[in-house]
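Below, chains carry the letters A, B, ... as their sequence lines are ordered, and counting in each starts from 1. Scope of the values below: all heavy atoms of this structure, side chains included, with no hydrogens, waters or symmetry mates.
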Amino acid sequence: MLLFSHLDSHKHKDKHKDREHRHKEHKKDKEKDREKSKHSNRSIVVQVPPHSGPSSFRSLVIQIPRHSSRLGLLEIGLNLNHSEHKDSEKKHKEKEKTKHKDGSSEKHKDKHKDRDKEKRKEEKVQNFPVEKEEIKASGDAKIKKEKENGFSSPPRIKDEPEDDGYFAPPKEDIKPLKRPRDEDEWEEERYPEGIKWKFLEHKGPVFAPPYEPLPENVKFYYDGKVMKLSPKAEEVATFFAKMLDHEYTTKEIFRKNFFKDWRKEMTNEEKNIITSLSKCDFTQMSQYFKAQTEARKQMSKEEKLENEKLLKEYGFCVMDNHRERIANFKIEPPGLFRGRGNHPKMGMLKRRIMPEDIIINCSKDAKVPSPPPGHKWKEVRHDNKVTWLVSWTENIQGSIKYIMLNPSSRIKGEKDWQKYETARRLKKCVDKIRNQYREDWKSKEMKVRQRAVALYFIDKLALRAGNEKEEGETADTVGCCSLRVEHINLHPELDGQEYVVEFDFLGKDSIRYYNKVPVEKRTGILNKHLQDLMEGLTAKVFRTYNASITLQQQLKELTAPDENIPAKILSYNRANRAVAILCNHQRAPPKTFEKSMMNLQSKIDAKKEQLADARRDLKSAKADAKVLKDAKTKKVVESKKKAVQRLEEQLMKLEVQATDREENKQIALGTSKLNYLDPRITVAWCKKWGVPIEKIYNKTQREKFAWAIDMADEDYEF
DNA sequence: ATACCGACTTAGAATATGGTAA
DNA sequence: TTACCATATTCTAAGTCGGTAT
């Protein structure tokens, strides 16, 4: 699906440029087609089976069901009655509630068959974040203060990452699906309504190093003449110089925005002289920085040491009873804004963040971090309804930036877990929802029909919700609910198929269809509807659900029991790839792709040659053995055989690697792996087939998914 | 209602790292 | 030992979504 690669430019103001862009896109498409043809199981035009989720992933074109007409997916008659469904849902919810209210007594009287499961679940849930003794310890948290590490922190802080007991889940049955209700309930036990922590202490952010003026010998030229810039103007100039090799600096908008902001930093004299960016010569600066980068590489050892020190000092905080890794404790340095796509603000100056911009968040009983000497914080607050430690307002969009915890932290892990549990609940009712939205296509109410079509796209194509965004503030991009007429084409018949909807955000070769587009305008309404269908259901849950279920399906389908580990890993990657394609996680083909493929190929060739040699040796050894028949020659034969085997294996490994890399040329696996695939599916698969988890998850990923690694056994079902 | 904003997740590019070939 | 490359990590932009102000 190319939907997202087209999002950048559908404003057709500049015709020439646009054509250029389209051309590029087209080329991309062709490349994709080529790749597609390698995998015959994927087709360009997708048919929608009556009751299914995503079936094919590379589709640009989707066939819509027979009963929809060209004049709108919406012109579908009939009435629809939700009430039955809604009522039953409501009843269900009610039941849940009462269950929870008197939960304690219920344990004794409940004859429900799920009872034991429920109980186990509860235990598990309590175990998840902290071990029992730690829970007990939390009571003294506030009393003990001023520890040697400078934190006035509670006792028994766990150094989490190495500690595999951290998430201490039960080893027993994990199959019963938890309803998030349970998690909420448990959350409520520990943290009533929205409370995220009780104790939070940290050292504050690390600021960007101050600007160091350029050495005298590095010159800036204006209109061919040397010019010494004032420190402020010089600093901003260096931001541009550092990007000189980048395509950005050739873009009109980028240059215009940069120049405007740069001039603001100039002295009056400078402003008078420097009136045109094209007369500026930054090449010496640029070269100087390149040399600096080189030099820094040489002393990377000292640099590393320094970084480690910084990490140790500022990279951790204490949240409740745990010492937790902080994700981004360094404040973003000043520079030029690099928006993605056709961003109207690219090139603008991202100003330096000062302590006076910073809001510190920590608990009242924590030691407040001290601002750098001579400075003070904008504010210190104690808001335990949020998870961030530090925030500031950025000057490009005026949005707030945060310092938060690492994915390995308890607070992030729990949330992640919860996310997949919600997706699993969707699994239980997805058929019902699919039937309903198909019914809703026939509704006489336009809004209902629109909503149903939007939902269908979200489910079928894993589209994002598509919130409204401020025009002119960001690049013009769309999602499901913000699709515009120019992004869609309906064909009663195309390439031999009937009723085809063509999504083409660039609209290159398509004819415009000037009619109302069958999509919901306001996502709020959509999400409200989803909430009625299932508690906690929002548009993005479909992405999570469809991604995870696809991984599970694909793994089942692709894993051949007898194949060796490298082949299994290829199968895993292919399953992962199916998901990445579904979610449209693309990447620019690596700059060195061709070369690296060639390298690999020559390795393969070399290996083949070795193998041929080894086989020849084996043959002659066998011949010798036939004649001589002594123990020594037999041994030789054996060792030659082994050598051949070893080489065969190595060759196979290389070939698998080549296939994998080729298939992965413009697909990014990381995003789905990190954000959409229930890690327990992967853990279970690894256990089932004896694939070491390290082959699939690197260190960081293992840390992030520690909860799942502990939790899932080989029978886990999403 | 709608607009707006705050908090949080998701995302690909840029950069650093560390192992291996030369 | 260095150059090179693949992979891991960092960086921060750009989404989603729900709550609150208008």
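Cation-pi check for Arg323(A) over Phe316(A) is met; the charged atom lies under 6.0 angstrom from the ring centroid and within 45 degrees of its normal.
Taking atom CZ of residue Arg381(A) and atom C1' of nucleotide dA7(B), one finds them 12 Å apart after rounding to whole Å. A straight line from NZ of Lys540(A) to C1' of dG18(C) spans 12 Å, rounded to a whole angstrom. Atom CD of Gln397(A) and atom P of dG6(B) are 14 Å apart (whole Å). Atom CD1 of Ile525(A) is separated from atom P of dA1(B) by 9 Å (rounded to the nearest Å). Glu193(A) places its CD atom 12 Å from the P atom of dG19(C), with the value rounded to the nearest Å. To the nearest angstrom, P of dC8(B) lies 11 Å from CD1 of Ile400(A). Whole-Å rounding puts the Leu310(A) CG to dT10(C) C1' distance at 14 Å. Computed from coordinates, the Lys528(A) NZ to dA1(B) P distance equals 8 Å when rounded to whole Å.
Counting non-hydrogen atoms under 4.0 angstrom, Pro407(A) reaches nothing in the nucleic acid. When heavy atoms are screened at a 4.0 angstrom cut-off, Lys350(A) is found touching the sugar-phosphate backbone but no base atom. Nucleic acid contact class of Gly398(A) (heavy atoms, under 4.0 Å, all strands): none.
Between Lys196(A) and dC8(B) there is a side-chain polar atom (N or O) within less than 4.0 angstrom of OP1 or OP2. When the side-chain nitrogen and oxygen atoms of Thr538(A) are compared with OP1 and OP2 of dC17(C), one or more of them lie within a distance under 4.0 Å. For the pair Tyr676(A) and dA11(B), the criterion of a side-chain N or O lying under 4.0 Å from OP1 or OP2 is met. One finds no side-chain N or O of Lys699(A) lying less than 4.0 angstrom from the OP1 or OP2 phosphate oxygen of dT7(C). Contact between the side-chain N/O atoms of Lys412(A) and the OP1/OP2 oxygens of dC8(B) is not found at any separation under 4.0 Å. Between dG15(C) and Thr477(A), a contact under 4.0 Å exists linking OP1 or OP2 to a side-chain N or O. Taking side-chain N and O atoms only, Arg464(A) has no distance below 4.0 Å to OP1 or OP2 of dT9(B). Using a 4.0 Å cut-off, some side-chain N or O of Lys595(A) falls inside it from OP1 or OP2 of dC5(C).
Under the 3.5 Å distance criterion, with hydrogens and angles disregarded, no donor-acceptor pair is assigned to the side chains of Ser482(A) and Asn467(A). Glu662(A) and Asn664(A) share no donor-acceptor pair across their side chains, judged by distance under 3.5 Å alone.
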Where protein sits on nucleotides 14-22 of chain B, one letter per nucleotide: B base, S sugar-phosphate only, - none, heavy atoms under 4.0 Å
S-SSS----
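Under a 4.0 Å N-O distance rule, the pair Lys350(A)/Glu394(A) does not qualify as a salt bridge.
Environment of NZ in Lys607(A): crowded, with over 12 heavy atoms of neighbouring residues, nucleotides or ligands closer than 6.0 Å. Atom NZ of Lys603(A) has 12 or fewer neighbouring heavy atoms from other residues, nucleotides or ligands inside a 6.0 Å radius.
Both Ser391(A) and Asn675(A) sit near DNA chain B, but only Ser391(A) has its closest nucleotide nearer the 5' end. The residue among Asn328(A) and Lys469(A) whose nearest nucleotide of DNA chain C is located toward the 5' end is Asn328(A). Residue Asn698(A) is the one, among Asn698(A) and Glu332(A), whose nearest nucleotide of DNA chain C lies closer to the 5' end (criterion: closest heavy atom). Residue order along DNA chain B, read from the 5' end via each residue's closest nucleotide, puts Ser399(A) first among His585(A) and Ser399(A).
Comparing dA8(C), dA11(B), dA7(B) by their closest approach to the side chain of Thr671(A) singles out dA11(B). Nearest nucleotide to the side chain of His343(A), out of dA14(C), dA11(B), dC5(C): dA14(C). Checking dA8(C), dT9(B), dA13(B) against the side-chain heavy atoms of Ala588(A) singles out dA13(B) as nearest. If you check dT9(B), dT12(C), dC11(C) against the side chain of Lys415(A), the one that comes closest is dT9(B). Between dA7(B), dA6(C), dT12(C), one nucleotide has an atom nearer to the side chain of Lys401(A) than all others, and that is dT12(C). Of the candidate nucleotides dT16(C), dT12(C), dC5(C), dT16(C) has the atom lying nearest to any side-chain atom of Ala465(A).
Asn257(A) places a side-chain N or O within donor-acceptor distance of the main-chain N or O of Met346(A), the cut-off being under 3.5 Å.
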Please test His585(A) against Tyr676(A) for ring pair (Phe, Tyr, Trp, His ring centres under 6.0 Å), starting from the C-alpha separation and ending with a verdict.
CA-CA 11 Å; His585(A) 293 142; Tyr676(A) 288 107; 5.6 Å; yes
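Remark: aromatic rings of Tyr314(A) and Phe329(A) are distant, center separation not under 6.0 Å.
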